[in-house]
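In what follows, every heavy atom counts, from backbone to side chain, and hydrogens, waters and symmetry copies are set aside. Computed from a predicted structure; not experimentally measured. By convention in this document, chain letters (A, B, ...) are assigned in the order of the sequence lines, proteins followed by strands, and residues within each chain are numbered from 1.
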There are 2 protein chains.
Amino acid sequence: MVDITFLLRKYGYKVTPQRVAIYEMLASTRVHPSAEMLFQTLLPQFPAMSLATVYKTMDIFKTVGIVTVINVGEESFRYELTTDHHPHLVCIRCRSVEDAIWSEGVDYKPWLLRQFDFILHTQQLFFYGICKICNDTEVR
Amino acid sequence: MVDITFLLRKYGYKVTPQRVAIYEMLASTRVHPSAEMLFQTLLPQFPAMSLATVYKTMDIFKTVGIVTVINVGEESFRYELTTDHHPHLVCIRCRSVEDAIWSEGVDYKPWLLRQFDFILHTQQLFFYGICKICNDTEVR
DNA sequence: TTGCTTGCAAAGTTTTTGCAGGCGC
DNA sequence: GCGCCTGCAAAAACTTTGCAAGCAA
């Protein structure tokens, strides 16, 4: 957990209610919201809020490094607070995106360097399939 | 290698020069082109061609299963002919996307089912970093 | 007060859709 | 000849940008 107020100031950005609210929104959800989802969720709290503010805030959060952008093949991007690397489980039926715990994660860095002279910075693993809930509620 | 003529007919689609050319384009490159790249490359051959045709053809190819869509975090999607699963090496400097040979690939299917009740259909692994060429030509 | 931020609106990108003429079969 | 395809243009969806007023510091 990051002190968003401290972090923004540290990088020379001003602390505004919108930015704090967007951060708290991201910190309290596991759905990997899109800009539109964030916007809709915050609208009751900030009736005059603009989508542009969400995008501009995402830019700052990306710059500061606390937000990671993911794209699971939809039209729009989704955002999550940056954490240790973990794969995403994307349900091809309900479009949910969940985090997978990656304790048995493989370190591909040496392999990539040896085989392809490729210097690994980050990685994104997406698994597409049917999630537990969809499988349970399947029409049989 | 697929007989695109046969395949299109099999699914009730007509065989047009554009569709064949797009297929051959995909079969002869390793750059994972976007719709725009395909369009620009085919323009000399089909001066009247439209981007819409590229998109419509991609739809058909997806339906038929010979094209896989990948998104490495850019604004636009990239396309490749469907093959066995393999990770993609995305260079964060030159934006190139290369295939990695995945002989030592791990089968995550049992693990995902056991840990998350998740039924794996497909997967996408992206490794982001610096490719060999960029590393060699780096300004030191 | 200073100047970064916001919200609005307009513009920019990428992709989709509708339609009339054209071509595969 | 029939009906799917193409190319064009318009539209849709998402994101970015410019600007005037507002707020953080």
Smallest separation among heavy atoms of [X] and [Y], with atom names:
X: B:I101; Y: A:F116; value: N-CZ, 3.4 Å
X: A:C131; Y: A:C91; value: N-SG, 3.5 Å
X: B:I66; Y: B:V2; value: CG2-CG2, 4.4 Å
X: A:Q124; Y: A:V69; value: NE2-O, 4.0 Å

Task: Residue met sooner reading DNA chain C from 5', once B:P17 and B:K62 are mapped to nucleotides - done: B:K62
Task: DNA chain C: 5'-proximal contact among A:P47 and A:I60 (nearest heavy atom) - done: A:I60
Write down the distance between [atom1] ([X]) and [atom2] ([N]), rounded to a whole number of angstrom.
X: A:L8; N: D:dA24; atom1: CG; atom2: C1'; value: 12 Å
X: A:I22; N: C:dT5; atom1: CD1; atom2: C1'; value: 12 Å
X: B:E36; N: C:dT15; atom1: CD; atom2: P; value: 9 Å
X: B:L43; N: D:dC8; atom1: CG; atom2: P; value: 10 Å
X: A:L38; N: D:dT15; atom1: CG; atom2: C1'; value: 14 Å
X: A:E75; N: C:dG12; atom1: CD; atom2: C1'; value: 18 Å
X: A:L42; N: C:dT6; atom1: CG; atom2: C1'; value: 14 Å
X: B:E74; N: C:dT13; atom1: CD; atom2: P; value: 15 Å

Open item on the list: Heavy-atom count check: over 12 atoms from other residues, nucleotides or ligands less than 6.0 Å from B:D84 CG?
Closed with: no
Short side-chain N/O contact to [N] OP1/OP2 from [X], under 4.0 Å:
X: A:Q18; N: C:dG7; result: yes
X: B:R19; N: D:dT6; result: yes
X: A:R9; N: D:dA24; result: no
X: A:T16; N: C:dT6; result: yes

Task: B:W102 and A:Y108 aromatic ring geometry - parallel, tilted or perpendicular at 30°/60° bounds - done: tilted
Open item on the list: Of the options D:dT15, C:dT6, D:dC5, whose atoms approach the side-chain atoms of B:Y13 most closely?
Closed with: D:dC5
- [ ] Ignoring the backbone of B:A52, work out which of C:dG7, C:dT17, C:dT15 is nearest its side chain.
- [x] C:dT17
Open item on the list: Quiz question: going by heavy-atom distance under 3.5 Å, is there a donor-acceptor pair between the base of C:dG18 and the side chain of B:K56?
Closed with: yes
Open item on the list: To the nearest 10°, give me the bend of the helix from C:dT1-D:dA25 to C:dC25-D:dG1, comparing the axes of its five terminal pairs at either end.
Closed with: 40°
Task: B:D59/B:K56 salt bridge by N-O under 4.0 Å criterion - done: no
Task: Cluster overlap B:L81 with B:F6, hydrophobic side-chain contacts below 4.5 Å - done: no
Open item on the list: For a quick check of understanding: with a heavy-atom distance under 4.0 Å over all strands, which category does A:A48 fall into, base, sugar-phosphate or nothing?
Closed with: sugar-phosphate
- [ ] Would you kindly compare B:S50 and A:Y55 by the position of their nearest DNA chain D nucleotide and give the one closer to the 5′ end?
- [x] B:S50
